[in-house]
Amino acid sequence: MSNYFFEEEYPMTNTKIMFHSVEEIEEFVNHANTVANDIDLSSGSRMVDAKSMLGVLAMGVDKYLEMHFHGEMPSDFKKILNCMNVVAC
């Protein structure tokens with residue numbers, strides 16, 4: 001018996017990001033909701049859905065977060081992140 005979940009490879013892009021204001025969080029969540037892929041944000045043992053305004057707000061501002069983008073990240077979403085200046089170097 002095979003378990004297809006473990007046999008298939010699911011690409012995921014992990015990126016460190018940081019929000020500096022509630023307005024940046026609102027803009028990010030609005031853009032995240034325009035893509036079909038799942039996006040999560042994590043910090044330590046906490047993980048939230050990046051498309052949830054309350055979830056992302058609960059993670060706070062001025063903290064490094066790990067963004068987990070499930071699947072191939074569209075180039076337009078990458079451009080939005082760079083324009084927002086939330087991607088950590």
Side-chain angles (χ1 to χ4, degrees):
M1 180 194 259
S2 64
N3 188 336
Y4 291 105
F5 181 78
F6 293 109
E7 288 180 6
E8 294 181 29
E9 228 178 272
Y10 294 99
M12 183 184 297
T13 303
N14 296 322
T15 306
K16 285 198 179 296
I17 63 173
M18 179 187 289
F19 301 110
H20 303 287
S21 68
V22 172
E23 291 78 18
E24 280 186 349
I25 290 174
E26 183 178 10
E27 184 178 358
F28 172 81
V29 171
N30 287 338
H31 287 298
N33 278 297
T34 64
V35 297
N37 305 65
D38 288 334
I39 308 170
D40 299 311
L41 293 176
S42 66
S43 177
S45 63
R46 296 172 50 197
M47 183 174 283
V48 298
D49 181 353
K51 296 182 180 186
S52 164
M53 184 69 72
L54 286 176
V56 180
L57 285 169
M59 297 298 271
V61 295
D62 294 327
K63 294 180 182 177
Y64 284 109
L65 304 173
E66 187 80 21
M67 181 182 69
H68 310 279
F69 193 97
H70 301 262
E72 284 294 320
M73 188 183 301
S75 60
D76 57 337
F77 191 75
K78 286 180 189 177
K79 288 178 188 175
I80 289 167
L81 290 177
N82 288 330
C83 289
M84 288 181 61
N85 200 26
V86 296
V87 177
C89 297

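Small disclaimer: the values here were computed from a predicted structure and weren't measured.
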Quiz item: Once you round to the nearest 0.5 Å, how far does CE of Met59 lie from CG of Leu65?
Solution: 5.0 Å
Exercise. Rounded to the nearest 0.5 Å, what's the gap from CG on Asn85 to CZ on Phe19? Could you check?
Key: 12.0 Å
Quiz item: What's the shortest heavy-atom distance between Gly71 and Asn37, and which atoms?
Solution: CA-ND2, 3.8 Å
Quiz prompt | Residue pair Leu41 / Ala50: nearest heavy atoms and the distance that separates them | solution = CG-CB, 3.9 Å
Practice problem: Could you name each residue pair satisfying side-chain hydrogen bond (donor to acceptor under 3.5 Å, both in side chains) that touches residues 69-81, not counting sequence neighbours? | Solution: Asp40-His70
Quiz item: Got a sec, which residues hit side chain to side chain contact (heavy atoms under 4.5 Å, CB included) with Ser42, two or more places apart in sequence or on another chain?
Solution: Met47, Glu66, His68
Quiz item: When rounded to the nearest 0.5 angstrom, what distance separates CG in Asp62 from NE2 in His20?
Solution: 6.5 Å
Quiz item: Out of curiosity, Met18 CE to Lys63 NZ, how far, rounded to the nearest 0.5 Å?
Solution: 10.5 Å
Self-check item: Atom pair CD1 (Ile25) and CD (Glu27), whose distance is rounded to the nearest 0.5 Å
Solution: 11.5 Å
Exercise. Please confirm whether the backbone N or O of Glu24 pairs with a side-chain atom of Ser21, one donor and one acceptor, at under 3.5 Å?
Key: yes
Exercise. Identify the two heavy atoms, one from Phe28 and one from Met84, that lie closest to each other, and give their separation to 0.1 Å.
Key: N-CE, 3.6 Å
Exercise. Please name the residue in the list Thr15, Ile39, Leu81 that meets the side-chain contact (heavy atoms from CB on, under 4.5 Å) test with Phe69.
Key: Ile39
Quiz prompt | Closest non-hydrogen atom pair between Val56 and Val48, with its separation | solution = N-CG2, 4.2 Å
Quiz prompt | CE-CE distance between Met12 and Met73, expressed to the nearest 0.5 angstrom | solution = 11.0 Å
